[in-house]
2 protein chains.
Amino acid sequence: MRIGELCQATGVGIETIRYYEKEGLIPAPARTDNGYRNYGSAHLERLSFIRHCRALDMPLAEIKRMLGFVAHPDADCGDINRLIDEQLARVRVRLKSMRALEKQLSQLRAHCGAGHTAAECGILHELVAAAQGEACACHTKAP
Amino acid sequence: MRIGELCQATGVGIETIRYYEKEGLIPAPARTDNGYRNYGSAHLERLSFIRHCRALDMPLAEIKRMLGFVAHPDADCGDINRLIDEQLARVRVRLKSMRALEKQLSQLRAHCGAGHTAAECGILHELVAAAQGEACACHTKAP
DNA sequence: AAAAACCCTGTAGTGACTTCAGAGTCAATA
DNA sequence: TATTGACTCTGAAGTCACTACAGGGTTTTT
Ligand SMILES: [Zn+2]
Ligand SMILES: [Zn+2]
Ligand SMILES: [Zn+2]
Ligand SMILES: [Zn+2]
């Protein structure tokens, strides 16, 4: 199959496929007489595997390691575990900061009623106050 | 104050400070006789503001817009609202995909008991199966 | 025969930095 | 005084995972 067909079959962009080849994630395929890349089913499977790992947000370097495990089935499984654990840890860290971020932004958004100038805007006041390490007046509990 | 002191005061790396100057986020400061950058308190405040916005994961382009609002307090506040809303929307999209990711990775991790080879590893099997669009046997409900 | 659609290589751009090379300046020490 | 070490300067290149050209060649369709 040609590169466009592989693109259709997997949903991976043509440029991305060539990029993966250059980066050594998929092996260089044979070429037809006119120089076009000629892929087989092994390429399709490998590319699907890569995209599935990417959907789990694994960096390409880790996907390479993962492909190494696929190629060497006698290796110790503990390494695979560690790889997934690291990825999970990274995702959890980011998830935590995303949650905090959402909270901060929602609170910030609540500072603005509509229809006034920037000088009167609670959002801007809040951001400036926060940058100065001060708490906004609205956050001090009423006695 | 010199760039190293500003770095100490804000926790922003020296190279990052110079980068912000190059990108036009902070104005070029005066220089001392030897050519060293000489910052004042206005720079410190502006840099703190920028970092606070960055902590909210705003892109530099939006921070520039935000700084524009600070500089023009007579502008309409609605633009500020829209900017925050857009940012909040982006964060919520990413938060959602992060949650899904965490779930997928946890499930994947549960496929591996310890102490076997890669060939026997449920994680690898699962990834390969998923790449082929098949459901793993363990996911079919028992009758 | 002409046009559209496909393919090739190689380079450069994205965002928000980080790192490096190579050089100059300043305070404190041997 | 010489020299170490800490600080600063500029400009270029590297990071990640693509994405978008530019400038050609080939195949298929009209
Ligand atoms: Zn407002
Ligand atoms: Zn407040
Ligand atoms: Zn296992
Ligand atoms: Zn399963």
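In what follows, chains carry the letters A, B, and so on, assigned in the order in which the sequence lines appear, proteins first and then strands, with residues in each chain numbered from 1. Below, each value reflects all heavy atoms present in this structure, side chains not excepted, and no hydrogens, waters or symmetry copies.
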### Task
Would you give the length of the straight line joining atom CG of A:Leu95 to atom CD of B:Glu102, rounded to the nearest 0.5 angstrom?
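Answer rounded to 0.5 Å: 6.0 Å.
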### Message
Could you measure the distance from the CD1 atom of A:Ile123 to the CG atom of A:Leu127? Nearest 0.5 Å is fine.
### Response
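A:Ile123 CD1 to A:Leu127 CG: 7.5 Å, rounded to 0.5 Å.
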### Task
Examine D:dT10: is either OP1 or OP2 under 4.0 Å from a nitrogen or oxygen in the side chain of B:Arg31? Give yes or no.
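For B:Arg31, the contact criterion (side-chain N or O under 4.0 Å from OP1 or OP2 of D:dT10) is met.
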### Message
With a 4.0 Å limit, can you tell me whether B:Asn34 has a side-chain N or O closer than that to the phosphate oxygens OP1/OP2 of C:dC26?
### Response
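For C:dC26, OP1 or OP2 has a side-chain N or O of B:Asn34 closer than 4.0 Å.
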Show the atom names and distances, to 0.1 Å, of all donor-acceptor pairs under 3.5 Å that link a side chain in residues 25-38 of chain A to residues at least two apart or in another chain.
| from | atom 1 | to | atom 2 | distance (Å) |
| --- | --- | --- | --- | --- |
| A:Arg31 | NH1 | A:Gly35 | O | 2.9 |
| A:Thr32 | OG1 | A:Asn34 | OD1 | 2.6 |
| A:Thr32 | OG1 | A:Tyr36 | N | 3.4 |
| A:Thr32 | OG1 | A:Tyr36 | O | 3.3 |
| A:Asn34 | OD1 | A:Tyr36 | N | 3.0 |
| A:Arg37 | NE | A:Glu21 | OE1 | 2.8 |
| A:Asn38 | OD1 | A:Met1 | N | 3.3 |

N/O donor to acceptor pairs below 3.5 angstrom from side-chain atoms of residues 63-78 of chain B, sequence neighbours left out:
| from | atom 1 | to | atom 2 | distance (Å) |
| --- | --- | --- | --- | --- |
| B:Lys64 | NZ | B:Glu23 | O | 3.0 |
| B:His72 | ND1 | B:Gly68 | O | 3.1 |
| B:Asp76 | OD1 | B:Gly78 | N | 3.4 |

Within this structure, what is the [atom1]-to-[atom2] distance between [X] and [N], rounded to whole angstrom?
| X | N | atom1 | atom2 | value |
| --- | --- | --- | --- | --- |
| B:Glu21 | D:dT8 | CD | C1' | 13 Å |
| B:Leu6 | D:dC9 | CG | P | 11 Å |
| A:Arg90 | D:dC16 | CZ | P | 12 Å |

Under 3.5 Å between N/O atoms: give me all the protein pairs with nucleotides 21-25 of chain D, atom names plus distance.
| from | atom 1 | to | atom 2 | distance (Å) |
| --- | --- | --- | --- | --- |
| D:dG25 | N2 | A:Tyr36 | OH | 3.1 |

Could you pull out the protein-nucleic contacts involving nucleotides 13-17 of chain C (nitrogen or oxygen on both sides, under 3.5 Å)?
| from | atom 1 | to | atom 2 | distance (Å) |
| --- | --- | --- | --- | --- |
| C:dA16 | OP1 | B:Leu60 | N | 3.4 |
| C:dA16 | OP2 | B:Leu60 | N | 3.4 |
| C:dC17 | OP2 | B:Tyr20 | OH | 2.8 |
| C:dC17 | OP2 | B:Arg54 | NE | 2.9 |

### Message
Could you work out how much the helix from C:dA1-D:dT30 to C:dA30-D:dT1 bends, comparing the axis of its first five pairs with that of its last five, to 10°?
### Response
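The angle separating the two end axes equals 30°.
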### Message
Does either side chain, that of B:Tyr20 or that of B:Arg51, offer a donor lying less than 3.5 Å from an acceptor on the other one?
### Response
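Per modelled atom types, B:Tyr20 and B:Arg51 side chains form a pair under 3.5 Å.
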### Query
Of all of residues 37-45 of chain B, which get a heavy atom below 4.0 angstrom from DNA chain D, listed by number?
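Here the set is B:Arg37.
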### Message
Apply salt bridge (Lys or Arg N to Asp or Glu O under 4.0 Å) to residues A:Arg54 and A:Glu62 and explain how you reach the verdict.
### Response
CA-CA 10 Å; A:Arg54 280 296 296 143; A:Glu62 303 233 329; over 6 Å; no
### Task
Count the heavy atoms of every other residue, nucleotide or ligand shown that sit under 6.0 Å from CD of A:Glu120, and state whether that count exceeds 12.
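Yes, because the 6.0 Å sphere around CD of A:Glu120 holds more than 12 heavy atoms from other groups.
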